[in-house]
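Shown next, in structure tokens, is the structure this report addresses.
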Amino acid sequence: MTQFDGELSPPFEIVEPQHWRAPIIFNSPHSGSVYPLEFLNASRIDLAALRRSEDSFMDELIGGLSAQGFPTVRVNFPRSYVDVNREPYELDPRMFTGRLPSFANTRSMRVAGGLGTIPRVVGDGQEIYRERLSVDEALGRIEALYKPYHRALRRLINKAHQAFGTVILVDCHSMPSVGVSRDEPRRPDIVIGDRYGTSCSSLLPDVVEQIMNGLGYSIGRNKPYAGGFITEHYGNPASGLHTVQLELNRAIYMDERRRERSPRFAQVVTDFATLADALAQVPLGDLGPFQAAAE
């Protein structure tokens, strides 16, 4: 099942501009919609249910930014197949036949919720698989998809860091308009996640909030999403590595039930371009102390 026969070729795409306008990378790790046939055959739920975990069209919302001088990254395989916004080996032993390697993290909160590197459930809690997977299957997906993506992302980040001395990674996601819990208040239009001030300079969330609020969006911070593995792993402000996660309310740009772009889609594309312009105008020296670029 890890020989994809061209289904997932390429598994992810990086589009670099001819001239970088600023060291700002826009990343869409959860918008992948290419579902391998064997995965669909192994699933107990249909494609429509699997797609509920998708950040549908988020890659399109940021896709035009490469023409404005900003590199973009998109993952083509679905997060329900392999989730790159997790540690490399967050795995639920109940899902597999055989023994997981000793270094696997089997006890994280994400694993407990069924949302590990190889997810057990989709976003609304439905079980994905009819039968257990082999451990070799899980490890094969990680080697073939997860690791190459992170190697490529790290190379891109290092390229920006060496050229500019600092880098901003904007990790772009979308969220259901309402939460699973009835107790959860109405979700804002955008939730900015900076791991409670640890993944980037405080200036960046402030700029995002100011610009997007001025464009008419309601803004939340860190609740219910503070940022996942990518935000935490690549965010190191003291070294000039700034990562901010953006969660866009799906009702803003799409019909969630039909999974179709809404009439407002084009305006959201324009608004993301405005945000990118504003971030590019932030003086790099204002992001705080950082180490010199590596030799």
Side-chain angles (χ1 to χ4, degrees), residues 1-15 25-63 66 71-92 95-96 104 110-111 113-124 126-130 133-156 169 171-175 228-231 233-234 245 247 250 254 259:
M1 200 159 147
T2 48
Q3 302 302 313
F4 303 113
D5 299 325
E7 289 177 285
L8 291 177
S9 181
F12 55 88
E13 296 171 74
I14 295 175
V15 181
I25 299 165
F26 287 86
N27 180 48
S28 177
H30 282 166
S31 53
S33 58
V34 181
Y35 288 78
L37 182 59
E38 286 195 66
F39 177 48
L40 295 175
N41 291 338
S43 175
R44 65 191 298 172
I45 55 180
D46 62 16
L47 178 59
L50 286 170
R51 294 196 68 186
R52 290 183 190 136
S53 287
E54 261 182 47
D55 292 349
S56 296
F57 313 124
M58 179 54 66
D59 53 343
E60 294 182 33
L61 288 172
I62 65 171
S66 55
T72 60
V73 185
R74 60 185 287 180
V75 171
N76 293 328
F77 53 87
R79 68 178 297 192
S80 54
Y81 189 62
V82 178
D83 193 340
V84 296
N85 198 24
R86 300 290 182 261
E87 296 173 25
Y89 297 100
E90 283 189 86
L91 299 171
D92 186 342
M95 289 180 61
F96 308 106
R110 293 181 287 221
V111 167
L115 297 171
T117 317
I118 308 294
R120 176 173 53 82
V121 302
V122 289
D124 56 359
Q126 294 186 75
E127 296 273 345
I128 295 174
Y129 295 99
R130 289 196 190 93
L133 301 175
S134 71
V135 167
D136 287 345
E137 168 65 30
L139 300 182
R141 291 186 201 177
I142 292 167
E143 290 296 326
L145 299 173
Y146 179 101
K147 288 187 176 181
Y149 161 80
H150 278 282
R151 281 196 295 268
L153 181 60
R154 173 61 72 186
R155 281 196 298 269
L156 190 66
L169 177 64
D171 204 38
C172 301
H173 299 257
S174 68
M175 59 185 174
F229 173 78
I230 289 170
T231 309
H233 182 70
Y234 292 105
Q245 177 177 284
E247 289 273 1
R250 289 175 192 157
M254 65 180 279
R259 200 163 297 278

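- Taken to the nearest 0.5 Å, the CG atom of Leu139 stands 8.0 Å off from the CZ atom of Phe96.
- Judged by distance alone, the side chain of Glu54 and the main-chain N or O of Ser33 form no donor-acceptor pair under 3.5 Å.
- The two residues Ser174 and Ser56 make their nearest non-hydrogen contact at OG-N, 4.2 Å.
- Contact check for His233 versus Leu153: no side-chain heavy atoms found under the 4.5 Å cut-off.
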**Q.** Worked check of side chain to side chain contact (heavy atoms under 4.5 Å, CB included) between Val82 and Tyr149
**A.** CA-CA 11 Å; Val82 178; Tyr149 161 80; over 6 Å; no
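- With Asp55 contributing its side chain and Pro29 its backbone, the two residues share no donor-acceptor pair below 3.5 Å.
- Between atom CD1 of residue Ile25 and atom CG of residue Leu156 there is a gap of 4.0 Å, rounded to the nearest 0.5 Å.
- Listed for the Glu7 side chain is a donor-acceptor partner under 3.5 Å among the backbone atoms of Leu37.
- At a threshold of 4.5 Å between non-hydrogen side-chain atoms, the residues His30 and Asp83 count as touching.
- Judged by distance alone, the side chain of Glu137 and the main-chain N or O of Ser134 form no donor-acceptor pair under 3.5 Å.
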Q.
Determine whether Leu50 and Ser43 satisfy the following criterion, side chain to side chain contact (heavy atoms under 4.5 Å, CB included), listing intermediate values before the conclusion.
A. CA-CA 9 Å; Leu50 286 170; Ser43 175; 3.9 Å; yes
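- Within the model, atoms NZ of Lys147 and CZ of Arg154 stand 15.0 Å from one another, a figure rounded to the nearest 0.5 Å.
- Note: His150 and Tyr146 have tilted aromatic rings, judged against thresholds of 30 and 60 degrees for the angle between ring planes.
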**Q.** Chi angles and distances behind the side chain to side chain contact (heavy atoms under 4.5 Å, CB included) call for Ile118, Tyr129
**A.** CA-CA 11 Å; Ile118 308 294; Tyr129 295 99; 4.2 Å; yes
**Q.** Check against side chain to side chain contact (heavy atoms under 4.5 Å, CB included), Ser80 and Tyr35
**A.** CA-CA 9 Å; Ser80 54; Tyr35 288 78; 3.6 Å; yes
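- The minimum heavy-atom distance linking Phe229 with Val84 is given by the pair CD2-O, 4.1 Å.
- To the nearest 0.5 Å, the span separating CG on Asp92 from CZ on Arg120 amounts to 5.5 Å.
- With contacts defined as side-chain heavy-atom distances shorter than 4.5 Å, the pair Asn85/His173 qualifies.
- Across all non-hydrogen atoms, the minimal contact from Val121 to Gly113 is CG2-O, 3.6 Å.
- Judged by distance alone, with hydrogens and angles left aside, the side-chain atoms of Asn27 form no donor-acceptor pair with the main-chain N or O of Asp171 at under 3.5 Å.
- Counting heavy atoms from C-beta on, the side chains of Leu8 and Tyr81 come closer than 4.5 Å.
- Residues Pro148 and Phe12 come closest through the heavy atom pair O-CZ, 3.4 Å.
- Residues Pro11 and Phe77 share a closest heavy-atom pair of O-CD2, 3.4 Å.
- The shortest distance between side-chain heavy atoms of Asn76 and Pro10 falls below 4.5 Å.
- With respect to Arg141, the side chain to side chain contact (heavy atoms under 4.5 Å, CB included) criterion is satisfied by exactly one of Asp136, Thr117, Leu133: Leu133.
- Residue Pro88 comes nearest to Ile142 through the heavy atom pair O-CD1, 3.2 Å, listed as atom of the first residue, atom of the second, then distance.
- Side-chain atoms of Arg86 and Leu115, non-hydrogen and from C-beta on, do get closer than 4.5 Å to each other.
- The closest donor-acceptor contact from the side chain of Arg259 to the backbone of Arg51 lies under 3.5 Å.
- Within the 4.5 Å cutoff, the side chain of Arg250 has no heavy atoms near those of the Phe57 side chain.
- Between the side chains of Arg79 and Ser53, no donor N or O sits under 3.5 Å from an acceptor N or O.
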